[in-house]
Structure formats: structure tokens, C-alpha cells
Amino acid sequence: MKNILKDGLKITNNCIILTIPLIFFVKIIDLYSMYSKYHIDSALKFFIASLTVIFMFCIFCSSWFCMVKDAVKLSGKIFVLDKDRAHATLKLFKSLLDGVGKYFLSFLGAGAIYILIIQLLATQLVYLIGSSVIGGLEPSSIEGIQTAGIAAAASNTSSMALMLDNMTPEMITYFAKWSLLFIGVTFIITYFLMLWIPEIVYGTLNPLKALVSSINKLLHNFFETFGLYVALWLSGFVILFVNTFSIINPFAYLFMSIVMFYFFTYFVVTIFLYYDKKFDQEKQ
């Protein structure tokens, strides 16, 4: 596992251009979200905007993940001159268009499965567990939360800080328990989806078959995959935690934004590298 983590870091550094489409896509989504915020005034427009975002995500995923796959493949090649490697690395941009043509429908289907099945199941699971284990707040506490929210919205200061000041210890404990439950369920679901995307890109184009096959491979190599996932997840959790506090300083926030893009690229590259070494049929 250590070699996978180290090699993933090396590939990310050598193919740092992988971050360019990622940054570009995130900025497009930000601009589209800002535009939609001021122009969506009906249910029809909201539906069209949501559909547009889904298609944008599918186009990006099909192109970028194909680029990541080719970057991992490129890492196994030997180049005599550095300029030859640099030239081959720049050719990775050609994978973007190839990926859209090959994987778009697969990721469209994967998106539908994720939204209609996985998200609905996860929501119901969190609700059922939370309702039975954590329970609900007293009517007086709910009224207190509403009062705190109204006071925070009417204030010119930090709304979140003011809302926390107006909440009782019981309310804070209640929301902390729900947050931990949400994190735990997300951790488990994300683990089971860990090899889904590489399975689509390397294996079958059928997203449902890819999901079943990826979970089967995951469980047959449980200790390897879980160890790799925990290592990446803990690293991401620490970076996300630090990024939360970087908002107070614009330079720190800019630096952490770069780190977040880099780490996400590294996370995906490492997962693809593991799949490439362990399951790629062309190498068997």
C-alpha cells in the first residue's frame, strides 16, 4: 500500500496538468451557479438548470477520468529524454475528447443510479438510524433553533457564530450527533463506491454491472482496499479541517484551495493506480 501511495504522488507531480481541467470545470460550475441564482424564477427553469448541471458533470467525468487513466498508463512507460515525457504528458489533453465519446452515456447512467438509488437509500438510512438512536428535539428546543436562526439572519455579524451563541448545549450535542452519523454513513457508502469509476473506465461500460463488479472486487480485497481508503480519507479529512479555518485569511484560503485541488487529483490518481495494478485485464 505504501508503494501505491508513493507512486500515486509521483504520477500526480509528473502529470500536474490533470488539475487544469478540474479547476476549469469547478470555475464553470461556480459561474453557472451564480448566473442561475439570479435568473431561476420558476420550477421549469430550475429543472432545466439542474439537468444542465448533471450533463456538465457527466461530460467532465467521462473526459477527465479517461485522462487520469491515460496518465496512469503513461507512468508505466520509459522515456529516454525528459522532453519526450513532457510531450507525451501534453498529449493527455487529447484524452478529454476521447473520454466524452466513449464514456458519456456510462456516466450519465451512473449519475442516474447514484441520484435515484444510492442517495435515496442513504437518506433513508440516515433518517432511520438517527430517529431510532439519536431521536428528535423537544418542541421548545426546535422553537429555540428557529429563534436563533432568525436572529442570525437579521444580524450583520457572522450568522453561524451568532446562531451557535444562541443555541443551548443540548442543541449543539444534538446536531453534533447527527453530523457524526452523516460522516459515518458517508464514509461507508464512499468506500463501497471506491472502485466504481475505475471499473467503468477500465472494465464494463454498463454502470450497473460496473457497480456490482467493483463491490465484489472491493470485498475480495477488503484489507487492501480498506487500508488504502482509510489512509486517503484521513488525509483528506485533515486537509478539509484545515481548509475550514483558512477562510479567515485570503492568502491562506487561496493556498488551501490549491492544496484541495491537488489532493483531489492525487486521491483519484491513487485509486486508479491501485485498480490498474490489481485488476487491469490487459496486464493479467
Side-chain angles (χ1 to χ4, degrees), residues 1-2 4-13 16 18-20 22-27 29-30 33 57 60-61 64 68 114 118-119 122-123 125-127 129-130 133-134 145 148-149 152 155 157-197 218 224-274:
M1 187 181 72
K2 291 182 179 179
I4 294 292
L5 294 172
K6 188 172 79 170
D7 291 343
L9 189 65
K10 182 179 179 181
I11 295 173
T12 305
N13 291 333
I16 197 65
L18 289 172
T19 59
I20 296 177
L22 177 61
I23 295 173
F24 187 68
F25 172 72
V26 170
K27 295 307 175 185
I29 290 294
D30 286 342
S33 299
F57 266 100
F60 168 74
C61 290
W64 192 63
V68 172
Y114 180 80
I118 299 175
Q119 281 287 72
T123 302
L125 180 64
V126 171
Y127 177 76
I129 296 176
V133 176
I134 301 174
I145 294 175
S155 174
T157 58
S158 175
S159 58
M160 182 60 68
L162 183 59
M163 186 172 179
L164 289 174
D165 289 339
N166 290 317
M167 291 174 65
T168 64
E170 179 192 7
M171 299 177 192
I172 296 176
T173 303
Y174 175 79
F175 283 111
K177 290 179 180 179
W178 274 98
S179 298
L180 289 175
L181 175 61
F182 178 77
I183 292 173
V185 173
T186 302
F187 176 87
I188 295 172
I189 291 177
T190 307
Y191 168 70
F192 279 102
L193 300 180
M194 175 179 168
L195 298 179
W196 189 18
I197 292 177
L218 201 72
E224 282 186 1
T225 56
F226 190 74
L228 178 63
Y229 177 74
V230 169
L232 292 172
W233 190 86
L234 288 177
S235 300
F237 185 82
V238 171
I239 293 174
L240 186 62
F241 181 79
V242 175
N243 183 63
T244 303
F245 291 96
S246 68
I247 300 177
I248 60 177
N249 185 290
F251 295 103
Y253 181 72
L254 177 62
F255 173 76
M256 288 307 302
S257 296
I258 297 174
V259 172
M260 290 287 289
F261 281 116
Y262 178 86
F263 178 78
F264 183 79
T265 304
Y266 168 69
F267 184 97
V268 174
V269 167
T270 304
I271 298 297
F272 269 66
L273 177 62
Y274 173 78

Novice: With sequence neighbours left out, write down each residue that passes side-chain hydrogen bond (donor to acceptor under 3.5 Å, both in side chains) with Thr225, or none if nothing qualifies.
Specialist: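 In terms of side-chain hydrogen bond (donor to acceptor under 3.5 Å, both in side chains), with neighbours along the sequence ignored, Thr225 is linked to Tyr191.
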Novice: What do the steps show when you test Phe272 against Ile11 for side-chain contact (heavy atoms from CB on, under 4.5 Å), and what is the final call?
Specialist: CA-CA 11 Å; Phe272 269 66; Ile11 295 173; over 6 Å; no
Novice: What's the separation between atom CZ in Phe263 and atom CG in Leu9, rounded to the nearest 0.5 Å?
Specialist: 11.0 Å
Novice: What pair of heavy atoms forms the shortest contact from Ile239 to Met256, and how long is it?
Specialist: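 Looking at all heavy atoms of both residues, the closest pair is O-CE, 3.6 Å.
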Novice: Contact between Ile271 and Phe267 at the side-chain level, heavy atoms closer than 4.5 Å - yes or no?
Specialist: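 They are in contact (side-chain heavy atoms under 4.5 Å apart), so the answer is yes.
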Novice: Do Met260 and Leu240 have side chains that approach each other closer than 4.5 Å (heavy atoms only, starting at C-beta)?
Specialist: yes
Novice: Between Gly8 and Leu273, which heavy-atom pair has the shortest distance, and what is it?
Specialist: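 Scanning both residues, the minimum pair turns out to be N-CD2, 3.5 Å.
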Novice: Do Val185 and Leu125 come within less than 4.5 Å of each other through their side chains, counting heavy atoms only?
Specialist: yes
Novice: Output the distance between atom OG1 (Thr12) and atom CG (Asp7), rounded to the nearest 0.5 Å.
Specialist: 10.5 Å
Novice: Counting only pairs under 3.5 Å, give me each side-chain donor-acceptor contact of residues 226-237, with atom names and distances, residues two or more places apart or in other chains.
Specialist:
residue : atom : partner : partner atom : Å
Tyr229  : OH   : Phe187  : O            : 3.0
Ser235  : OG   : Ala231  : O            : 2.9

Novice: Give a yes or no on whether Phe25 atom CZ has more than 12 heavy-atom contacts from other residues, nucleotides or ligands under 6.0 Å away.
Specialist: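 Counting neighbours around CZ of Phe25, more than 12 heavy atoms of other residues, nucleotides or ligands fall under 6.0 Å, so yes.
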Novice: Just to verify, what does Phe251 make a ring-ring contact (aromatic ring centres under 6.0 Å, His included) with, not counting sequence neighbours?
Specialist: none
Novice: Please enumerate all residues that pass ring-ring contact (aromatic ring centres under 6.0 Å, His included) together with Trp64, with sequence neighbours excluded.
Specialist: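 With neighbours one apart ignored, the set is Phe60, Phe264.
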Novice: Quick one: list whatever passes ring-ring contact (aromatic ring centres under 6.0 Å, His included) with Phe192, sequence neighbours left out.
Specialist: none
Novice: Contact between Leu22 and Leu18 at the side-chain level, heavy atoms closer than 4.5 Å - yes or no?
Specialist: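 They are not in contact (no side-chain heavy atoms under 4.5 Å apart), so the answer is no.
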Novice: Taking atom CE of Met194 and atom OG1 of Thr190, what is their separation to the nearest 0.5 Å?
Specialist: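 Going from the CE atom of Met194 to the OG1 atom of Thr190 covers 11.0 Å.
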Novice: Among residues two or more places apart or on two chains, list those pairs meeting side-chain hydrogen bond (donor to acceptor under 3.5 Å, both in side chains) that have a residue in residues 251-269.
Specialist: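 Listed by first then second residue: Asn13-Tyr262.
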